Student: 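Take this structure first; my questions come after.
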Amino acid sequence: MSLQNISQNKVFDGWHKQYQHDAKTVNCAMTFAIFLPPNASEKNKVPVLYWLSGLTCDHQNFMQKAGALKKAAELGIAIVTADTSPRGDDVPDDENNDYDFGLGAGFYVNATQAPWNKHYQMYDYITKELPVLIEKNFPVNNKKSIIGHSMGGHGALIVGLKNQGLYKSISAFCPICNPINSPWGEKAFAHYLGTDRSQWIDHDASELIHEGCSLPILIDQGKDDPFLDTQLKPGSLATAIDQQNVDLTLRMQAGYDHSYFFISSFINDHLDFHAKHLA
């Protein structure tokens, strides 16, 4: 299957479009969405912000719920939203159909363990295949930043930290900051990466940050998030940051939870943050 346009809608004088394609990295058809601001053209290629969503989500949640497109149109930034896992009848899923593993829960890592390793190569899809596809087929330049929510916040952090030469900035809402010590992360990593916990460290932002970071990072976390202490653990990242010279802003927002109500309240701050570094 070549790149196939499956929908398009004009919005704020730009275009929201959905596409499907055969993805070689994950060995299945993948769907993504792209917002192109009104100033995007072959003569005026724009930078791209890549959004990574959380558990149970796909490429649609952010575009429909975050309220980001008006601001992105004003700033002249394209937004690409990827799916959260490979999909298809032959793609293995959690045997109990639990929400926190398998379909919708790829954790943005390259699985090394069978049967997951045939399809669950989400790290390569996000860092290699999808950006090449976007830059080849749309009026965008090679300036890009990355952002995500929850599991996608974990993805944005590890992708940015491991590829600092490819991105201009990193941000996240409610990220899983220390997945090797989080029930969500422990379950996923044990299946995707095996039971040797030493193999997990390279996929944990609180561990990776010890190697330093030259990119600016913005994190917003709701103080009333029900997953704050059990799953997300921003304190682990903050403690690691104290030992490094890293440009990270962690904002604990009183009264806010884990939802898209929270994301929509502060998404303009994140878009302004990335626009400054993508300029």
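None of the values given here were measured: they were computed from a predicted structure.
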Student: At what distance, to the nearest 0.5 angstrom, does CG of Leu69 lie from CD1 of Ile267?
Tutor: 10.0 Å

Student: Are the side chain of Ser264 and the backbone of Ala66 linked by a donor-acceptor contact shorter than 3.5 Å?
Tutor: no

Student: Any donor-acceptor pair under 3.5 Å linking the side chain of Gln164 with the backbone of Ser214?
Tutor: yes

Student: Under a 4.5 Å cut-off applied to non-hydrogen side-chain atoms, are Glu211 and Ile209 in contact?
Tutor: no

Student: Ignoring hydrogens and geometry beyond distance, is a side-chain donor-acceptor pair present between Asn117 and Gln121 at under 3.5 Å?
Tutor: no

Student: Which heavy-atom pair separates Leu237 from Leu157 by the least distance, and what is that distance?
Tutor: CD2-CD1, 4.3 Å

Student: Using a 4.5 Å cut-off on heavy atoms from C-beta on, say whether the side chain of Gln231 contacts that of Pro183.
Tutor: yes

Student: For the residue pair Trp51 and Ser53, confirm or rule out a side-chain donor-acceptor distance under 3.5 Å.
Tutor: yes

Student: Give me the atom names and distance for the closest heavy-atom approach of Pro37 to Ala73.
Tutor: CB-CA, 4.0 Å

Student: Could you go step by step and tell me if Tyr125 and His21 meet the ring pair (Phe, Tyr, Trp, His ring centres under 6.0 Å) rule?
Tutor: CA-CA 12 Å; Tyr125 178 72; His21 70 111; 5.8 Å; yes

Student: Strictly distance-based, threshold 3.5 Å: is any side-chain N or O of Ser259 a donor or acceptor partner for the main-chain N or O of Phe261?
Tutor: yes

Student: Find out whether Glu135 and Asn142 are in side-chain contact, i.e. whether some heavy atom of one side chain is under 4.5 Å from a heavy atom of the other.
Tutor: yes

Student: Write down the atom of Leu271, the atom of Ala68, and the distance for their closest heavy-atom approach.
Tutor: CD1-O, 3.5 Å

Student: Hey, do the aromatic rings of Phe266 and Phe173 have their centres closer than 6.0 Å?
Tutor: no

Student: Do Asp94 and Asn97 have side-chain atoms, one donor and one acceptor, less than 3.5 Å apart?
Tutor: no

Student: Kindly say whether Met252 contributes a backbone atom to a donor-acceptor pair with the side chain of Asp220 at under 3.5 angstrom?
Tutor: no

Student: Could you go through the side-chain contact (heavy atoms from CB on, under 4.5 Å) check for Ile217 and Val246 one step at a time?
Tutor: CA-CA 8 Å; Ile217 306 172; Val246 175; 4.3 Å; yes

Student: So, Asn163 versus Tyr123: side-chain donor-acceptor pair below 3.5 Å or not?
Tutor: yes

Student: Taking all heavy atoms of Asp224 and all of Gly255, pick out the closest pair and write down the distance.
Tutor: OD2-CA, 3.5 Å

Student: Taking all atoms of both residues into account, what is the closest heavy-atom pair of Pro175 and Ile219, and its distance?
Tutor: CD-CG2, 3.7 Å

Student: Using distance alone, with no hydrogens and no angle criterion, decide if His59 and Gln18 have a side-chain donor and acceptor under 3.5 Å apart.
Tutor: yes

Student: In plain terms, say whether Lys71 and Asp272 are close enough for a salt bridge, that is, a side-chain N and a carboxylate O under 4.0 Å apart.
Tutor: yes

Student: Contact between Asp225 and Leu232 at the side-chain level, heavy atoms closer than 4.5 Å - yes or no?
Tutor: yes

Student: Could you check if a side-chain atom of Trp15 sits within less than 4.5 angstrom of a side-chain atom of Asn9, using non-hydrogen atoms only?
Tutor: no

Student: Checking ring pair (Phe, Tyr, Trp, His ring centres under 6.0 Å) between Trp184 and each of Phe107, Phe227, Phe101, Phe189, which is the one that passes?
Tutor: Phe227

Student: Look at the side chain of Thr84 and the backbone N and O of Cys57, then say whether any donor-acceptor pair between them is shorter than 3.5 Å.
Tutor: yes

Student: Ignoring hydrogens and geometry, is there a side-chain-to-backbone donor-acceptor pair from His119 to Val26 under 3.5 Å?
Tutor: yes

Student: Kindly say whether Asn178 contributes a backbone atom to a donor-acceptor pair with the side chain of Ser182 at under 3.5 angstrom?
Tutor: no

Student: May I ask you to decide if Ser7's main-chain N or O and Asn5's side chain share a donor-acceptor pair within less than 3.5 Å?
Tutor: yes

Student: Does Pro47 reach the side chain of Asn141, with side-chain heavy atoms less than 4.5 Å apart?
Tutor: yes

Student: Using side-chain heavy atoms (C-beta onward) and a distance below 4.5 Å, is Ile158 in contact with Asp204?
Tutor: no

Student: Given side-chain contact (heavy atoms from CB on, under 4.5 Å), test Tyr19 with Ile6 step by step and report yes or no.
Tutor: CA-CA 5 Å; Tyr19 289 87; Ile6 56 178; 5.8 Å; no

Student: Following the transitive rule for hydrophobic clusters with a side-chain heavy-atom cut-off under 4.5 Å over Ile, Leu, Val, Met, Phe, Trp and Tyr, establish whether Ile176 and Leu193 coincide in one cluster.
Tutor: yes

Student: Under 3.5 Å, is there a donor-acceptor pair between the side chain of Glu129 and the main chain of Thr25?
Tutor: yes

Student: What about His149 and His258, are their ring centers closer than 6.0 Å?
Tutor: yes

Student: Locate the shortest heavy-atom distance separating Asn39 from Gly76; write the atom from each residue and the value.
Tutor: OD1-CA, 3.4 Å

Student: Is the shortest heavy-atom distance from the side chain of Arg197 to the side chain of Asn181 under 4.5 Å?
Tutor: yes

Student: Report yes or no: do Ser169 and His274 form a side-chain donor-acceptor pair below 3.5 Å?
Tutor: yes

Student: Can you tell me how far apart CG (Asp13) and CG (Leu36) are? Round to the nearest 0.5 Å.
Tutor: 13.5 Å

Student: Output yes when Asp83 and Arg87 qualify as a salt bridge under the 4.0 Å nitrogen-oxygen rule, no when they do not.
Tutor: yes

